[in-house]
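A short worksheet on the structure shown next.
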Amino acid sequence: MAFKNRKANYPLYETLPLENMRSLVEGAAKRYGDRYALSYRTKPSDAEAKHYTFRESADYVRDLGTELISMGMRDKTVAIIGEASPFWIFTYFATMAMGAIGVPIDKEYSAEELAAIMNRAECEFAFISPAQAQKAATIRELVPTLKCVVSMGETGFEGAEALGVLRAKGAEKVASGDTGYFDYEIDADRLASIVFTSGTTGKGKGVMLSQKNICSDMEQGIYNFQITDRTLLVLPPHHTFGSTINIAGHFALGCEIYVSSGIKYIMKELQDFRPTHLILVPLFVETFYKRIMSTAEKTGKLEMLKKLIKVSNGLLKVGVDMRKTLFKSVTKNFGGEIEMIICGGAALNQSIIDFFESIGITILNGYGITECAPLISCNRNEYRKTGSVGLPIVGGEVKIIDPDENGEGEIAYRGPNVMLGYYKEEEATRAAIDEDGFFHTGDYGKVELEGDDQWIYITGRLKNLIIFSNGKNVYPEEIETDIQGVYGVNEVVVYAGESKSDPSKEVIVAEIYPDFDGLKAHGIEDAKAYFTEEIKKINQKNVSYKTVGLVKIRETEFPKNTSRKITRFAIDKSID
């Protein structure tokens, strides 16, 4: 489409030298000083937001790091458990800057699950937010190596001092001449963080990352895309997409980060804070799209919206951009100032990308994986390809393992952001990183060359691959993308049905969680019959071995991890 402004030889943006987490924080303070770095509400109902400037943030990290040194945390594994907040961010920065090994863990886990991960990592200290305080007693009981619990917030709880108290003690030490924080010589290549993958197919692994892995990922990634001035942090901070890109990378670049109070407050926060770009996973983008279309339909303006898009796209082809004016009433519901969404974590339907582009919001689809800290590739602000997850970051190399006749095979990646290995899993590490240093991603896809540029296309996850007895392979993500375009589909998962009575029976199942209200508004009462007919139309376009043989309707949404990815292993795939 003409408005995608594809530009060959598109120049790289300027980047920053990001050696380690301490220099990242201190460098941002020197560059941006009294500009707001972090904004948040203590309670969602608060009328006014609170703020930390870049200088205040660096001072907090320095003071906290100084006190953590005196507490003996250097070289120790330290659990970080809580929702996104300035205090989570300060803890994340400080633990690495003073030489501890941070272990960010999903706050949604039960106390027993948290304890199990902490035992695997042999954690001696834990930072737990007040909202998760009820889990602390069980954690203390089940983690014998645990020496100290800190309340990661403005208030303490039983047996845990507040982070602010530790910061104040550190500030006194700094005022008295303690220079231990800055005197510590950081080895950027040593283990700095263990990230336990939540996984969508079962038990996760502990991904060992160094400060070089994390900082180089951002330093090299910044060459590829340019962010705007304000963003909203909605991603879970324990995941590298949130911690590396939305927190560390944006802090380094001087972007004001408004820390969301939670999913149910996002729409109000978008209007209050008016971010200029967002970092999201596809589920959020799909939800925004469905909200826009549903609102337009309910107000009788859907056909008008479609006509305006056609008019706008026509004007764009001749160089006239009227999108801000034509779609002002649509974008105001999202704050009115969003220019761009950087999206990654799963496939996103191209029609949704095109829709947002049509109304003036550019979506840069990217690709990453925890083991690569996480960014591997991204489309660029004015240089992108339909269906592609973009170009590798500068310094990264991509190759395809055992490509078939179509050039498709497993994607392998090599670069300074590739993990040190899996924690205490040497065999798994050897299986994942080959002798040449390429990490085998487990994703299947291809690379298309355009001059010196490598455009990456992803077909699906090898672990999700459906392998039939006749030797045919089907990637469910391909079919799911088609089905997502059917009206009334909220969520869909495609898999091989498992017949308990007849193991030889092979059938592709499309399990759908519908938009029941939307279907009802269209007079559709029998969801299964409706979707069966719609999927027959999709089947006609696909080769025979990719046809869906059974439609299942579910009443509730699919189980998900906190990265908002569907946990496929938790789905009952029986068809009897």
Side-chain angles (χ1 to χ4, degrees), residues 195 197 199-205 207-209 213 216-217 220-221 224 240 344-347 365-379 385 387-422 425-468 470-481 494-496 543 545-546 565 568-569:
V195 182
T197 59
T200 58
T201 56
K203 184 181 177 183
K205 296 182 177 69
V207 175
M208 298 190 295
L209 299 174
N213 291 150
S216 68
D217 195 43
Q220 304 306 102
N224 272 25
T240 50
N365 211 11
Y367 171 47
I369 193 166
T370 304
E371 288 87 344
C372 295
L375 187 63
I376 290 176
S377 68
C378 193
N379 278 279
K385 290 264 188 194
S388 174
V389 291
L391 303 166
I393 63 174
V394 172
E397 302 174 66
V398 172
K399 69 177 181 179
I400 302 299
I401 306 295
D402 298 328
D404 62 15
E405 66 276 9
N406 299 315
E408 295 185 357
E410 184 180 6
I411 298 169
Y413 173 84
R414 180 170 66 184
N417 51 319
V418 172
M419 66 173 180
L420 303 177
Y422 292 118
E425 295 192 56
E426 294 183 7
E427 187 176 334
T429 299
R430 285 193 296 270
I433 303 175
D434 65 27
E435 293 179 352
D436 296 322
F438 277 91
F439 171 70
H440 293 221
T441 65
D443 289 312
Y444 195 85
K446 64 181 179 179
V447 171
E448 288 185 355
L449 293 176
E450 184 174 311
D452 293 329
D453 292 332
Q454 289 183 303
W455 291 95
I456 304 172
Y457 295 81
I458 295 177
T459 307
R461 287 290 291 171
L462 286 172
K463 290 179 180 178
N464 300 338
L465 181 65
I466 300 171
I467 304 175
F468 288 119
N470 61 6
K472 298 296 186 181
N473 295 343
V474 176
Y475 284 87
E477 292 90 345
E478 291 182 298
I479 304 172
E480 288 165 2
T481 299
V494 169
Y495 52 82
V543 295
Y545 64 86
K546 290 185 179 181
K565 292 182 182 178
R568 291 175 181 263
F569 70 91

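One-based numbering along the sequence shown.
- Considering only residues two or more places apart in sequence or on other chains, E410 meets the salt bridge (charged side-chain N to carboxylate O under 4.0 Å, His left out) condition with none of them.
- Using a 4.5 Å heavy-atom cutoff, the side chains of H440 and I433 are not in contact.
- Counted by atom type alone, E408 and Y457 present zero donor-acceptor pairs between their side chains at under 3.5 Å.
- From R414, atom CZ reaches atom SG of C372 across 12.5 Å, with rounding to the nearest 0.5 Å.
- By the salt bridge (charged side-chain N to carboxylate O under 4.0 Å, His left out) test, D434 is found to be paired with K399, residues two or more places apart in sequence or in another chain being considered.
- Rounding to the nearest 0.5 angstrom, the gap separating the OH atom in Y367 from the CD1 atom in I458 is 4.5 Å.
- Checking side-chain atoms of E480 against main-chain N and O of V494 turns up a donor-acceptor pair under 3.5 Å.
- With a 4.5 Å cut-off on side-chain heavy atoms, I411 and I400 count as touching.
- Side chains of D443 and Y413: a donor-acceptor N/O pair is absent below 3.5 angstrom, by distance only.
- The backbone N or O of L375 sits less than 3.5 Å from a side-chain atom of D217, completing a donor-acceptor pair.
- Between P374 and I369, every side-chain heavy-atom pair lies at or beyond the 4.5 Å cut-off.
- A donor-acceptor contact shorter than 3.5 Å is absent between the side chain of T240 and the backbone of A373.
- At least one donor-acceptor pair under 3.5 Å links the side chain of N213 to the backbone N or O of V418.
- Counting non-hydrogen atoms of neighbouring residues, nucleotides and ligands closer than 6.0 angstrom, the CG atom of D402 reaches no more than 12 such neighbours.
- No donor-acceptor distance shorter than 3.5 angstrom exists from the side chain of N417 to the backbone of S216, with no hydrogens or angles considered.
- In this structure, E371 contributes its side chain and F439 its backbone to no donor-acceptor pair below 3.5 Å.
- Looking at every heavy atom in both residues, K205 comes nearest to A428 through CE-CB, 3.8 Å.
- Remark: Q220 pairs with Y223, I393, V394 by the side chain to side chain contact (heavy atoms under 4.5 Å, CB included) rule, at least two apart or across chains.
- At most 12 heavy atoms of other shown residues, nucleotides or ligands fall within 6.0 angstrom of atom CG in D452.
- Minimum interatomic distance between M208 and M419 (heavy atoms only, all atoms of both residues): O-CB, 3.3 Å.
- Between the side chain of N379 and the backbone N or O of K385 there is at least one donor-acceptor pair closer than 3.5 Å.
- Here the side chains of E448 and K446 are in contact, with some heavy-atom distance below 4.5 Å.
- When all heavy atoms of G395 and P416 are compared, the closest pair comes out as O-CD, 3.9 Å.
- Rounded to the nearest 0.5 angstrom, Y444 OH and E478 CD are separated by 9.5 Å.
- Between E427 and Y422, every side-chain heavy-atom pair lies at or beyond the 4.5 Å cut-off.
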